[in-house]
Number of protein chains: 2
Amino acid sequence: MNSAADKRVTLADVAKLAGVSKQTVSRVVNGSEHVTEDTRTRVLQCIDTLGFRPSALARQLSTGRSQTIGVVSNGGQGYLVSGVAYLGMVRQADKMGYALLIKEMTDFSSGSIRTMLDYLIERQVDGVIWAGPEIGDSHAWLDTFDAASLPMPLVAINAKPRPGVDTVSFDNFEAGRVATRHLLSLGRKNIGHIAGPTNRWVSQQRVEGWKAALAEAGTSEMARNVVEGDWDVHTGGPGLRRLLEICPKLDAVFVGSDRMAIGVLAEAHKLGLRVPEDLAVMGVDNLPESAYLIPPLTSMTQDTPRMAEVALRLLVRRICERRGEPYPEACAIPENPLLTHDLVVRQSTLCGKLASK
Amino acid sequence: MNSAADKRVTLADVAKLAGVSKQTVSRVVNGSEHVTEDTRTRVLQCIDTLGFRPSALARQLSTGRSQTIGVVSNGGQGYLVSGVAYLGMVRQADKMGYALLIKEMTDFSSGSIRTMLDYLIERQVDGVIWAGPEIGDSHAWLDTFDAASLPMPLVAINAKPRPGVDTVSFDNFEAGRVATRHLLSLGRKNIGHIAGPTNRWVSQQRVEGWKAALAEAGTSEMARNVVEGDWDVHTGGPGLRRLLEICPKLDAVFVGSDRMAIGVLAEAHKLGLRVPEDLAVMGVDNLPESAYLIPPLTSMTQDTPRMAEVALRLLVRRICERRGEPYPEACAIPENPLLTHDLVVRQSTLCGKLASK
DNA sequence: CTGAAAGCGCTTACAG
DNA sequence: CTGAAAGCGCTTACAG
């Protein structure tokens, strides 16, 4: 009898049963204080017997806020962003009372971007996280983006900081520099770098960091020892082989991702190169698995869930600001924060001798 | 001037400018045929000049459909489900014109479940994917679940099939059996199993499959060689050590996840056990990395994105059925399908001699 | 082909 | 403390 097939129970139904106005029921539902304890309990009871569930849709339409944040990603390529980062976002969104509306983009033509933004506007999301990785000129539209042209605030993650656009990214330049310095500090003389795709902002920054470290050490000639991978494990091996062609005396390699580094370790093993004695290897990401590789992999920890969290908080801050409301303390995020990686040294770069220098 | 701060442009605004009724504008927006080419172009032009974006919210309220599917997950534990599976869902949802509303649960008390369902009802999602892994009695509520009590259909993934509840899962029993048969076929006599958490349905099924294979082979005495892990890489090593205590002559191990298998490989290496000569090792998941481990890992491929896709299609089918509408061909999914894993044999179980038997 | 009316289920001022 | 009215922006019959 109380089946879902029945018509939806509305505020009006409750009001009628309780013998009050919709108004009053609304007050009870929203916890207004201006209701007698008497009527409140009566209304609550009617809500219960009728199994009333307020329609969020209707509320959203009248209040103009959807308590929803749109997340635009590109699933195919952003492995980490799509997986681990979601966890950070979902959790944070939940805490702040927002739901996440997930959308995916497959190309970044200006038409597709317009369509996506229009969709989000139609859905009236309260804010947008632009989570697609910056590939080529995929984010070029942000260069001329006028924040005021969008009815809701937008925060980009893992993209190049731009004036007028909120961005939460890792300091990939610094990551490249710290990694390279580490290999230099081991006394390695022929270091190579297997970068991520060269059209990625993240990769480019890491390459710049690597160059900077080499320059600091007066060894800029190594800068040509760079090959391109695609982040994925299967490009690690071929990357190593190409590096060995460029630089046969290669004795260390800074790999752009732990997954490619796994490929490098496999290839080194196949080639009979001892790690770290003959070849020091390090990656970026510090996957849970990395500590258990053979040998355990030195890496740069990248706290992706944290990036997602910070982005969400910043977004909520912007949402509140636009509405002229105070924002929660937790949302006091600095402008365009650059999150840092941490170096975790393990056996793949640490051979007894050199380490204890 | 056309800033977003301005009031929202509505159907009425367009109607006024075009000198027609809201009605007609609505027809144009929704591509109705009963509009003169003349008025259509005029209206379209007005839409363009005004930058009109129809409010999905308002449409949803009047049509009663949100074109949104609620996905309930539990981020902390469902690494794969939360990451890779989302990609399959998002993609499929997009194709079928739905957006995904992501929610996370941290506990499975009946109160939390009720709250979550109420939330989804309030949001008026068109359907629900229940994606939390089945842990202990987390899904017990489904045993007495009356589908008609929910205003929208629900599909559970990776859970025990139950009468009256749509479920899309892997055939983990068969996976356990196939894996164990593989190790038996190699001539191994002392096989062990590192299971996932014993309170997980998935783990239990695999253990049952493993027992079944042993029974078939008349070697049920091996069935006691089971220890529990938590799916994660760090429990692989300890798992192996405990197995060696139980069964010092251990010569093969069926590991419940590739990530734990990575831990096992690391531990075996540390103990001086040769893989596969002394110890054959295999996992489940067939991660991209697994082919590049040392040695390359035999595994059972688990197409998680496909599970997500299938679940979404089945859900869309149910949504259409409830409304008495025909459903897309792609949604003709069988009831409670069990997806299968594929055995991928690699070096970690394949030593020359035994393999060529 | 086109339009006036009523309704989706809430909330926001405004009175009492 | 409580209620009648108008409105959020669209769509669904019903007429013409």
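Order of the sequence lines sets the chain letters (A, B, ...), proteins ahead of strands, with each chain counted from 1.
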Task: Nucleotide nearest A:Val35 (side chain, heavy atoms from C-beta), chosen from D:dG9, D:dT2, C:dC10 - done: D:dT2

Open item on the list: Quick check for you: among C:dC8, C:dT12, D:dT2, whose closest atom lies nearest to any side-chain atom of B:Ser62?
Closed with: C:dC8

TODO: Please identify each residue that fulfils salt bridge (Lys or Arg N to Asp or Glu O under 4.0 Å) with A:Arg317, with sequence neighbours left out.
DONE: A:Glu321

Task: Polar pair under 3.5 Å, donor/acceptor by atom type, side chain B:Arg27, base C:dG3 - done: yes

Value in whole Å for how far the [atom2] atom of [N] lies from [atom1] of [X]:
{"X": "B:Arg123", "N": "C:dG9", "atom1": "CZ", "atom2": "P", "answer": "18 Å"}
{"X": "B:Asp38", "N": "C:dC1", "atom1": "CG", "atom2": "C1'", "answer": "12 Å"}
{"X": "B:Glu122", "N": "C:dC10", "atom1": "CD", "atom2": "P", "answer": "10 Å"}
{"X": "A:Leu57", "N": "D:dT11", "atom1": "CG", "atom2": "P", "answer": "13 Å"}
{"X": "B:Ile47", "N": "D:dC10", "atom1": "CD1", "atom2": "P", "answer": "10 Å"}
{"X": "B:Leu11", "N": "C:dA4", "atom1": "CG", "atom2": "P", "answer": "14 Å"}
{"X": "A:Gln60", "N": "C:dC8", "atom1": "CD", "atom2": "C1'", "answer": "14 Å"}
{"X": "A:His34", "N": "D:dG3", "atom1": "NE2", "atom2": "P", "answer": "15 Å"}

Open item on the list: Just to verify, what does B:Asn336 make a side-chain hydrogen bond (donor to acceptor under 3.5 Å, both in side chains) with, not counting sequence neighbours?
Closed with: none

Does a salt bridge link [X] with [Y], judged by any charged N lying under 4.0 Å from a carboxylate O?
{"X": "B:Glu325", "Y": "B:Arg318", "result": "no"}
{"X": "B:Asp126", "Y": "B:Arg323", "result": "yes"}
{"X": "B:Arg91", "Y": "B:Glu309", "result": "no"}

Open item on the list: Can a side-chain donor-acceptor contact be found between A:Ser55 and B:Arg123 if the only test is distance below 3.5 angstrom?
Closed with: no

TODO: Identify, between B:Ala58 and B:Thr39, the residue whose nearest nucleotide on DNA chain C lies closer to the 5' end.
DONE: B:Thr39

Open item on the list: Please tell me if A:Thr63 has a side-chain N or O lying less than 4.0 Å from either OP1 or OP2 of D:dC8.
Closed with: no

Task: Residues from residues 16-26 of chain B lying under 4.0 Å of DNA chain C - heavy atoms - done: B:Val20, B:Ser21, B:Gln23, B:Thr24

Task: Base-paired stems in DNA chain D, each at least three Watson-Crick or G-U pairs under 3.5 Å - done: C:1-3 with D:14-16, C:5-12 with D:5-12, C:14-16 with D:1-3

- [ ] Take B:Thr24 and B:Ser21 through the side-chain hydrogen bond (donor to acceptor under 3.5 Å, both in side chains) test and state the conclusion after the steps.
- [x] CA-CA 5 Å; B:Thr24 302; B:Ser21 71; 3.3 Å; yes

Task: salt bridge (Lys or Arg N to Asp or Glu O under 4.0 Å): pairs with one or both residues in residues 53-63 of chain B, sequence neighbours excluded - done: A:Asp118-B:Arg53, A:Glu122-B:Arg53

- [ ] Among residues two or more places apart or on two chains, list those pairs meeting salt bridge (Lys or Arg N to Asp or Glu O under 4.0 Å) that have a residue in residues 138-157 of chain B.
- [x] B:Asp143-B:Arg162

- [ ] Would you classify A:Arg40 as touching base, sugar-phosphate or nothing, given that sugar-phosphate means primed atoms plus P, OP1 and OP2, and contacts are heavy atoms under 4.0 Å?
- [x] nothing

